[in-house]
Amino acid sequence: TTVGAGIYDGTSWTNAYFKISDALEDCTYAGDTIYMKSGTYQRNEPIDVSGYPGLIIKGGYAGMGTPGPLGGATIITRTADHYIRLFYGTAATVTLCNLIIEGGYLGTPAGIDGGGLYFGGNSVVQLTNCIVRGNQLYVGGTNPEEGGGLYQSGGSLTIVNSAFYTNRCLKLDWSTSDHGGALAAVNANVILRDTLFQGNYMTCRHYDLFGGAVYFSGGTATVEGCVFTNNYVYGEGESGPSASAYGGAIHASSVKKMTIKNSTFANNRVYNFGAAKGRGACLYFVGSTCTMNRVIMNGNGHANNGRGIIYLESGRLWCTNLLVVKATGENGVYSAAGVMALENVTLADNAQNGASNIAATTTIKNSIIWGNTVGGLGGTFNVTYSCVQGGAMGTGNINVDPQFLDTKHYHVKSAVGCYTNGYFTGGSWVFALSSSPVIDAGDPASFFGYEPMPRGKRINMGFYGNTETASKGTMSGTIFMFK
């Protein structure tokens with residue numbers, strides 16, 4: 001507990017430890033668990049979990065029973081006169097549950113990583129139901145600072161049902177590079193599931209800023225069921241032309257295998273860079289291999305640059321059931337090089353092109369590209385069975401209004417039945433006065449078995465094709481009459 005009790009031997013709440021360091025001394029076996037009562041624990045040094053074989057730390061308890069019910073928040077923070085991270089571990093296997101890790105602050109020396117938590121030496125780390133908020137790095141020098149909230153080098157990191165708020169990397173001088181406002185993982189195998197990243201950021205004076213919320217370098221990454229909102233990279237007025245700001249939400253460099261699915265991005269951005277290079281208001285990929293499925297990107301970007309909500313510098317990117325809409329000042333998708341495949345994608349109402357390509361090999365199929373301010377496509381694409389504003393050469397392409405039901409969820413109209421007031425859940429079915437030409441107009445060879453009945457014999461174009469909320473079609477066939 002925050003004050004301890006009894007004889008301070010940790011055998012019960014009435015004899016609780018006063019110092020977590022005393023509890024750690026008695027944890028020698030895999031599965032040893034420390035239970036923490038709700039309250040605020042102020043630290044003047046990090047909690048060192050190095051070398052523990054299977055340590056579990058759980059917070060939020062009411063302080064009765066064994067261990068008894070939950071009863072409030074357990075907050076781990078620093079004392080005002082100490083500039084420290086809050087957790088440190090190398091070669092550790094540790095699970096943290098129901099903790100708030102708040103206010104870690106590292107200012108010196110250069111190259112320090114992990115403002116809130118640091119794990120190295122191939123540690124195996126899991127965070128469940130944790131909040132990491134208000135941690136920061138504020139250093140100078142020529143070495144990069146990485147992970148305003150959390151830094152992981154090697155090993156594995158699993159984060160479930162957690163939240164990262166307002167963590168940040170700030171730069172003292174012109175020569176510092178920042179990576180990962182909330183989280184940086186280097187050569188680690190990372191799983192992020194059902195976790196919120198909100199309001200994490202980095203500011204720049206001159207050098208590189210990679211990943212306003214998350215930075216991945218090497219290793220593997222799975223992002224599932226996550227929400228990224230209001231994360232950003234901001235260039236100060238002095239930002240020069242050599243500054244590079246890549247990835248307002250996520251930056252992925254040389255990630256061997258990456259998956260992003262069932263996730264949402266809103267109001268992420270890279271901005272105020274002037275002559276500097278801003279790329280990827282949400283996602284930036286270089287030398288990585290990534291697949292994306294059921295990803296929603298609505299209302300991202302900034303008038304002063306980013307070039308594309310998704311930016312492929314190099315590597316491979318496969319997207320199915322992707323929605324990129326209402327980009328401010330930017331293209332929906334931008335590919336500079338590499339290989340990109342877009343299938344059942346909707347790119348609509350973006351401030352520049354729906355998609356732009358410089359030198360990548362890019363294919364588009366069963367997609368809708370419509371209502372973008374500058375145009376549908378900029379550059380060379382291999383397009384088939386898609387609805388493209390301005391038209392596109394290729395089999396099965398059309399250039400007609402797709403008839404969106406609304407400009408929030410971007411379902412298309414159907415007189416037989418179309419979904420409203422939700423993407424995949426929480427909505428209801430209604431009947432429109434007309435039916436969109438993109439219904440049952442996709443590639444005849446594409447699977448469409450997840451679309452609801454009634455339906456035709458082909459997949460719908462666009463984001464909802466082959467999903468349970470695809471707009472309904474008309475069944476076709478031969479009717480036999482018997483008497």
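Note that the structure is a prediction, hence the values are computed from the model and not measured. Counting from 1, the numbers follow the sequence of the chain as shown.
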Report all side-chain donor-acceptor pairs from residues 93-104 shorter than 3.5 Å, counting only partners two or more places apart or in another chain.
residue: Glu102; atom: OE2; partner: Arg133; partner atom: NE; Å: 2.4
residue: Glu102; atom: OE2; partner: Arg133; partner atom: NH2; Å: 2.7

**OP:** Evaluate the side chain to side chain contact (heavy atoms under 4.5 Å, CB included) criterion for residues Ile260 and Leu283: first the C-alpha distance (whole Å), next the side-chain angles of each, then the deciding distance (0.1 Å), finally the verdict.
**Re:** CA-CA 11 Å; Ile260 306 174; Leu283 304 175; 4.0 Å; yes
Subject >> Note, Phe119 side chain near Val49 side chain (heavy atom, < 4.5 Å) >> reply: yes
Subject >> Main-chain N/O of Lys37 paired with Thr74 side-chain donor or acceptor, under 3.5 Å >> reply: yes
Original post:
What residue among Glu313, His251, Arg279 forms side chain to side chain donor-acceptor pair (under 3.5 Å) with Tyr284?
Top reply: Glu313
Original post:
So Tyr105 and Tyr138, would you call those rings parallel, tilted or perpendicular, with 30° and 60° as cut-offs?
Top reply: perpendicular
**OP:** I would like to know whether Thr363 and Asn382 meet side-chain hydrogen bond (donor to acceptor under 3.5 Å, both in side chains); could you show each step before the answer?
**Re:** CA-CA 5 Å; Thr363 60; Asn382 181 2; over 6 Å; no
Subject >> Test side chain to side chain contact (heavy atoms under 4.5 Å, CB included) applied to Phe463 and Ile368, step by step >> reply: CA-CA 8 Å; Phe463 173 54; Ile368 300 171; over 6 Å; no
**OP:** State whether the side chain of Ser314 and the backbone N or O of Gly287 hold a donor-acceptor pair below 3.5 Å, judged by distance alone.
**Re:** yes
Original post:
Do you see a donor-acceptor pair shorter than 3.5 Å between the side chains of Asn300 and Asn268?
Top reply: yes
Original post:
Using a distance-only test with no angle check, is there a side-chain donor-acceptor pair under 3.5 angstrom linking Asn189 and Thr220?
Top reply: yes
Original post:
Do Asn350 side-chain atoms and Val324 backbone N/O form a donor-acceptor pair below 3.5 Å?
Top reply: yes
**OP:** Enter the distance from Thr158:OG1 to Arg193:CZ here, rounded to the nearest 0.5 Å.
**Re:** 8.0 Å
Original post:
Do the side chain of His411 and the main chain of Asn421 share a donor and acceptor less than 3.5 angstrom apart?
Top reply: no
Original post:
Can you check side chain to side chain contact (heavy atoms under 4.5 Å, CB included) on Val270 and Tyr246, steps first, answer last?
Top reply: CA-CA 8 Å; Val270 174; Tyr246 298 163; over 6 Å; no
Subject >> Aromatic plane relationship, His409 with Tyr423 - under 30° parallel, 30 to 60° tilted, over 60° perpendicular >> reply: perpendicular
**OP:** Kindly indicate whether the side chain of Trp13, heavy atoms from C-beta on, has any atom under 4.5 Å from the side chain of Tyr61.
**Re:** yes
Original post:
Do you know which two heavy atoms are closest between Ala185 and Val190, and how far apart they sit?
Top reply: CB-CG2, 3.5 Å
Original post:
Is any side-chain heavy atom of Tyr234 less than 4.5 Å from a side-chain heavy atom of Leu209?
Top reply: no
Original post:
How long is the gap from CD on Glu145 to OG on Ser177, to the nearest 0.5 Å?
Top reply: 9.0 Å
Original post:
Is any side-chain heavy atom of Cys290 less than 4.5 Å from a side-chain heavy atom of Val255?
Top reply: no
**OP:** To the nearest 0.5 angstrom, please state how far the CD1 atom of Ile191 sits from the CD1 atom of Ile159.
**Re:** 10.5 Å
**OP:** Look only at the side chain of Ser153 and the backbone of Gly120, and say whether a donor-acceptor pair between them is shorter than 3.5 Å.
**Re:** no
Original post:
Any idea which heavy atoms bring Gly329 and Ala351 closest together, and the distance?
Top reply: N-CB, 3.0 Å
Original post:
Can we call the ring centroids of Tyr464 and Phe424 under 6.0 Å apart?
Top reply: yes
Subject >> Criterion side chain to side chain contact (heavy atoms under 4.5 Å, CB included) on Lys257 and Thr289, from CA distance to verdict >> reply: CA-CA 5 Å; Lys257 182 180 179 182; Thr289 298; 5.9 Å; no
**OP:** Please confirm whether the backbone N or O of Ala252 pairs with a side-chain atom of Ser288, one donor and one acceptor, at under 3.5 Å?
**Re:** yes
**OP:** Can you measure from CG (Asn122) to CD (Gln152) and round to the nearest 0.5 angstrom?
**Re:** 8.5 Å
Subject >> Nearest heavy-atom neighbours spanning Gly89 and Ser123 >> reply: O-OG, 3.8 Å
**OP:** Decide yes or no for Val214 and Val223: does some side-chain heavy atom of the first lie under 4.5 Å from some side-chain heavy atom of the second?
**Re:** no
Subject >> Heavy-atom check, side chain of Leu150 versus side chain of Leu127, under 4.5 Å >> reply: yes
Original post:
So, do Leu183 and Leu192 sit near enough that their side-chain heavy atoms are less than 4.5 Å apart?
Top reply: yes
Original post:
Can any side-chain N or O of Thr467 pair as donor or acceptor with the backbone N or O of Gly465 at less than 3.5 Å?
Top reply: no
**OP:** Decide side-chain hydrogen bond (donor to acceptor under 3.5 Å, both in side chains) for Tyr410 and Asn298; before the verdict, give the C-alpha distance in whole Å, the side-chain angles of both, and the deciding distance to 0.1 Å.
**Re:** CA-CA 11 Å; Tyr410 286 86; Asn298 193 332; over 6 Å; no
Subject >> Value rounded to 0.5 Å, distance of CZ in Phe197 from OG in Ser162 >> reply: 8.5 Å
**OP:** Check for a donor-acceptor pair, side chain of Asn331 on one end and backbone N or O of Gln352 on the other, with a separation under 3.5 Å.
**Re:** no
Subject >> Check: Thr2 and Thr40 side chains under 4.5 Å, non-hydrogen atoms >> reply: no
Original post:
Between Arg307 and Glu330, what is the shortest heavy-atom contact and its length?
Top reply: N-OE1, 3.7 Å
Subject >> Any donor-acceptor N or O pair under 3.5 Å, side chains Asn230, Arg269 >> reply: yes
Original post:
Just one of Thr166, Thr229, Asn167, Asn135 clears the side chain to side chain donor-acceptor pair (under 3.5 Å) bar with Asn200, so which one?
Top reply: Asn167
Solution key, residues 21-29 side-chain donor-acceptor pairs under 3.5 Å, sequence neighbours excluded:
residue: Asp26; atom: OD2; partner: Tyr17; partner atom: OH; Å: 2.2

Subject >> Heavy-atom pair with the smallest gap, counting every atom of Ile309 and Met297 >> reply: CG2-SD, 3.7 Å
Original post:
Side-chain donor-acceptor pair under 3.5 Å between Asn321 and Asn344, yes or no?
Top reply: no
**OP:** Mind listing the closest non-hydrogen atom pair of Thr1 and Tyr41 along with its distance?
**Re:** CA-OH, 3.2 Å
**OP:** Would you give the length of the straight line joining atom CH2 of Trp318 to atom CE of Met340, rounded to the nearest 0.5 angstrom?
**Re:** 11.0 Å
Subject >> Glu468 and Arg294 ion-paired at < 4.0 Å >> reply: yes
